[in-house]
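Everything below concerns the one structure shown next.
Each residue takes its place number in the sequence, starting with 1. Both counts, for ligands and for their atoms, begin at 1 and track the order of listing.
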Amino acid sequence: MSELNLILLGPPGSGKGTQGELLQEDLRLPYYATGDILRAAVREGTEIGREAKGFMDRGDLVPDEVIVGVIAERIADKEAEDGFILDGFPRTEPQAEALADKLTELGRSVSVALLIDVPDEEVVRRLGGRRTCPNGHVYHVEFGPPKTEGVCDVCGAELEIRDDDKPDVIRHRLDQYHSKTEPLISYYEGRGLLQRVDGTQPPDEVNERIRALLATHQKEEEL
Ligand code: AP5
Ligand code: MG
């Protein structure tokens, strides 16, 4: 199988984390979610965590220079030599350029930028009922509840409401997405790398659609 360097693009709440978790099991590739990485850094009180916290609480993007180094280091790691799944990165054009440069340096390139498309009203509904565990597993009180209320099925940790899942912060995150991240759709479309999937379907159906798209991509690569 050829290398797969996959980017998950999409608004907050589109299901990047939900699909990332399923794909990681299926594709057996390392999964790097910048939101999860930054939240862990905040919990651990590292320098990056201290720098990022204020931006994250407000729903602003953290500065490019804070996040680019974190990802550059991971994709150059041996565990990512057959590919990787990126969730939440890149989120700005400078980040996309930095990723392309780093991959070029490694003699590689982005394989697919996969847009999970979901309208704003659905985002607001989803994030209002989201519950997460400290290890990044994602639930929804209505659309995907855990087996035992308040407890993660996978690691048994207590489920939490994210600090940035408050209505006004959700709105601000959406604004940030539309102004800073959405331009990446045409960026990747122009490079022939964009694939779209309808993210409003149930998680299993979205997953099946993504797997079908990726299978077609792999076949084309092998021709
Ligand atoms: P991040 O953690 O990446 O947040 P986000 O992009 O806002 O995305 P979310 O994690 O909120 O949503 P998701 O798409 O993963 O959806 P999920 O699967 O959870 O980033 C947080 C912050 O970190 C940023 O605001 C920024 O400050 C900073 N940051 C991170 N990366 C950065 C970068 N590169 N540059 C600068 N700053 C950066 O699903 C949502 C809910 O919906 C869940 O409850 C789930 O159960 C449910 N659900 C999922 N799929 C479905 C479905 N198909 N049907 C019904 N419900 C569903
Ligand atoms: Mg997420």
Side-chain angles (χ1 to χ4, degrees), residues 7-24 31-42 48-49 51-72 74 85-96 98-99 114-133 135-146 152-153 159-166 169-182 184 197-210:
I7 296 172
L8 300 179
L9 269 181
S14 53
K16 301 182 297 295
T18 303
Q19 295 303 325
E21 209 176 315
L22 297 169
L23 287 172
Q24 175 190 23
Y31 164 61
Y32 304 124
T34 41
D36 291 348
I37 294 169
L38 290 170
R39 277 183 292 278
V42 170
I48 286 180
E51 259 183 274
K53 187 174 182 346
F55 293 99
M56 295 176 78
D57 286 348
R58 288 191 299 276
D60 280 325
L61 296 186
V62 306
D64 292 335
E65 56 278 15
V66 173
I67 195 72
V68 163
V70 173
I71 285 300
R74 282 180 169 72
I85 305 165
L86 284 181
D87 160 358
F89 185 94
R91 243 173 162 105
T92 62
E93 213 163 303
Q95 290 182 17
L99 175 64
L114 185 84
L115 171 67
I116 308 180
D117 228 347
V118 167
D120 287 9
E121 322 80 76
E122 176 69 11
V123 165
V124 174
R125 249 170 22 109
R126 285 187 186 178
L127 295 187
R130 174 164 60 184
R131 300 292 181 271
T132 58
C133 94
N135 300 316
H137 303 114
V138 190
Y139 302 88
H140 190 282
V141 288
E142 194 184 332
F143 310 133
C152 179
D153 293 348
L159 298 182
E160 303 164 340
I161 297 179
R162 258 170 55 174
D163 287 342
D164 58 353
D165 278 349
K166 302 184 184 92
V169 184
I170 293 171
R171 281 277 159 211
H172 187 65
R173 284 160 58 204
L174 271 168
D175 290 345
Q176 293 280 298
Y177 172 76
H178 290 306
S179 60
K180 299 189 175 145
T181 308
E182 215 165 49
L184 292 183
V197 66
D198 175 6
T200 63
Q201 300 305 309
D204 287 352
E205 282 177 34
V206 178
N207 181 247
E208 246 172 63
R209 184 77 197 109
I210 294 175

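Residues meeting the side-chain contact (heavy atoms from CB on, under 4.5 Å) test with Arg130, sequence neighbours left out: Leu127, Thr132, Val138, Arg162, Asp165, Arg173. The ring pair (Phe, Tyr, Trp, His ring centres under 6.0 Å) check on Phe143 picks up His140, with sequence neighbours excluded.
Seen from the ring of Phe55, Arg58 counts as a face-on cation partner, given the 6.0 Å and 45° thresholds.
The contact shell of ligand 1, taken as protein residues with any non-hydrogen atom closer than 4.0 angstrom, comprises Pro11, Pro12, Gly13, Ser14, Gly15, Lys16, Gly17, Thr18, Thr34, Gly35, Leu38, Arg39, Met56, Asp60, Leu61, Val62, Ile67, Gly88, Phe89, Arg91, Gln95, Arg126, Leu127, Arg130, Val138, Tyr139, His140, Phe143, Arg162, Asp164, Arg173, Gly199, Gln201, Pro202, Pro203.
A side chain to side chain donor-acceptor pair (under 3.5 Å) check over residues 9-18, counting only residues at least two apart or in different chains, returns nothing.
In this structure a side-chain-to-backbone donor-acceptor pair under 3.5 Å is present from Tyr139 to Asp153. The main-chain N or O of Pro203 is found under 3.5 Å from a side-chain atom of Gln19 such that the two form a donor-acceptor pair.
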